[in-house]
Enquirer: 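The structure's right below; bear with me while I get my questions together.
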Amino acid sequence: MKILYFAWVRERIGREAEEIELPGDVRTVGDLAAFLATRGEGYAHAFENPKVVRAALDRTHARPDTPLGTAREIAFFPPMTGG
Amino acid sequence: MKILYFAWVRERIGREAEEIELPGDVRTVGDLAAFLATRGEGYAHAFENPKVVRAALDRTHARPDTPLGTAREIAFFPPMTGG
Amino acid sequence: MSTAPLFTVRIQAEDFDAATEAAALTRGRTDIGAVVTFAGLCRADDAPGGAPLIALTLEHYPGMAEEEMARLVEEARARWPLTGATVIHRYGRMVPGDNIVLVVTASSHRAAAFEAAAFLMDWLKTRAPFWKMEEREQERSWVAAKESDDDAAERWG
Amino acid sequence: MSTAPLFTVRIQAEDFDAATEAAALTRGRTDIGAVVTFAGLCRADDAPGGAPLIALTLEHYPGMAEEEMARLVEEARARWPLTGATVIHRYGRMVPGDNIVLVVTASSHRAAAFEAAAFLMDWLKTRAPFWKMEEREQERSWVAAKESDDDAAERWG
């Protein structure tokens, strides 16, 4: 699955995007965030407060309990501050 | 006192402005409207429904019970439809 | 950097340029976060089913209109933290598509700019001494005031 | 006379011209009574007492931002009778006084144009994938989302 990071999530993880093979027990957006948090210090820092990290699945806002299903792209980012 | 008329009040009365010496018992905006209504057919038509005729005293919105006081100019007109 | 507040009301026969007016409120400033511009235009289709509108003629009370518009702007300044506002109302004959009225508000924050602009328009409609006369095929008539305009003005208390 | 509805969203690094965008929504039409334009600008004084802002850098999610903005416009069209709307959001580095975001709405009636523009701005703030990074003297930081923006977005239900 293609994973994208933006703003301080991107900065803490130290990359903009990556392709990851997901373990079978990662079924939801929240599962994936928890899995990523175990991948190293930067990841742990990015996801230290999972409530403030938002996600979009195939470019649509998603919630922690949204199933990943057959989505091809997921993005993690802080609350939006545009406008 | 200088009296101005606008929109259909002006058209019904047939003039834009006039100077009138007021009888002593004309003390309020409403008194003046009632007095004007007696001055002829056009006036009677203009003031046939006094509730829909608005007034401004010295260029400030006034109500029927507003005293004329020492005002020098009064205007009568329909509800406003600008903007 | 100028930070003087800029408040202007104008009544004129000629057209206005919304962009020029909005630019005048922000030029050289760095304390403005939001500019809201409202332009009111003459429409052809005001009476569905009726004859199309040929023109509107706007009559006004020259002595009072500017004073009343200035009072509306003062009221808006008392209610919202504005860095500037411009209100322009045209008079004379306008055909469909022509500009009639312009309100521009500037503030550091968007809610103030939006609310002040809506407030100014609602109050202009019910308090500024202007009257619209419609010309249609074989017909001319004064536009009646709308209850919905009174309701809109009253929501501001 | 064209009466096709005109709806546009755009994400761009370059500046926009609010007047050009507003004119595009009304050109050749006689069915539009109200045009509301909102311009959001970069401010120097965002943190009173703190160091003045030198610049904002807007990061966005290129694949999603345009799609999400199009969804917001669709939602606005479903709620209000609009004849057109344009939403432009810039990305990249902006200094105080620069334009960041533009919303233009056109409708036959003013309430629809005002409400749709306010709605689009509120939803843009909380739903469009953009993030602001601040540069101040000896400091750079990501702007935190504001609860007041969430509240503003939530009032639309």
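In the text below, chain A, chain B and the rest are named by the order of the sequence lines, each starting its count at 1. Note: hydrogens, waters and symmetry copies are ignored here, and every other heavy atom, side chains too, is used. Small disclaimer: the values here were computed from a predicted structure and weren't measured.
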Enquirer: In terms of heavy-atom proximity below 4.5 Å to chain B, should R127(C) be classed as side chain, backbone, both, or neither?
Expert: both
Enquirer: So for atom CD, which belongs to E147(C), do other residues, nucleotides or ligands contribute more than 12 heavy atoms lying within a distance under 6.0 Å?
Expert: no
Enquirer: Over all heavy atoms of both residues, which pair between V143(C) and T81(B) is shortest? Give the atoms and the distance, please.
Expert: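 Smallest interatomic distance, heavy atoms only, reads O-CG2, 3.3 Å.
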Enquirer: What part of M133(C) is in contact with chain B, defined as an atom under 4.5 angstrom from a non-hydrogen atom: side chain, backbone, both or neither?
Expert: neither
Enquirer: Evaluate the criterion side chain to side chain contact (heavy atoms under 4.5 Å, CB included) for residue pair W142(C) and E11(B); output intermediate values, then yes/no.
Expert: CA-CA 11 Å; W142(C) 292 94; E11(B) 289 188 335; 2.8 Å; yes
Enquirer: Roughly how far, to the nearest 0.5 Å, is the CD atom of E16(B) from the CD atom of E59(C)?
Expert: 7.5 Å
Enquirer: Look at atom CZ of R27(B) and say whether more than 12 heavy atoms of other residues, nucleotides or ligands are closer to it than 6.0 Å.
Expert: no
Enquirer: Does a sphere of radius 6.0 Å around CZ in R72(B) hold more than 12 heavy atoms from other residues, nucleotides or ligands, not counting ones at 6.0 Å or beyond?
Expert: no
Enquirer: Count the heavy atoms of every other residue, nucleotide or ligand shown that sit under 6.0 Å from CD of E41(B), and state whether that count exceeds 12.
Expert: no
Enquirer: Flag the one option from A56(B), A75(B), P79(B), G82(B) with the top tally of heavy-atom pairs under 4.5 Å to chain C.
Expert: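 Most heavy-atom pairs under 4.5 Å with chain C: G82(B).
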Enquirer: Identify which of V52(B), L4(B), T60(B) forms the greatest number of heavy-atom pairs closer than 4.5 Å to chain C.
Expert: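 Ranked by contacts with chain C, first place is T60(B).
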Enquirer: Measure the spacing between CE of M80(B) and NE2 of H60(C) and express it to the nearest 0.5 Å.
Expert: 14.5 Å
Enquirer: Strictly distance-based, threshold 3.5 Å: is any side-chain N or O of W131(C) a donor or acceptor partner for the main-chain N or O of F6(B)?
Expert: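 Judged by distance alone, no pair lies under 3.5 Å.
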Enquirer: Is it the backbone or the side chain of A65(C) that comes under 4.5 Å from a heavy atom of chain B, or both, or neither?
Expert: neither
Enquirer: Mark yes when over 12 heavy atoms from residues, nucleotides or ligands other than R39(B) sit less than 6.0 Å from its CZ; otherwise mark no.
Expert: yes
Enquirer: Taking atom NE2 of H61(B) and atom OG1 of T126(C), what is their separation to the nearest 0.5 Å?
Expert: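 Answer rounded to 0.5 Å: 7.5 Å.
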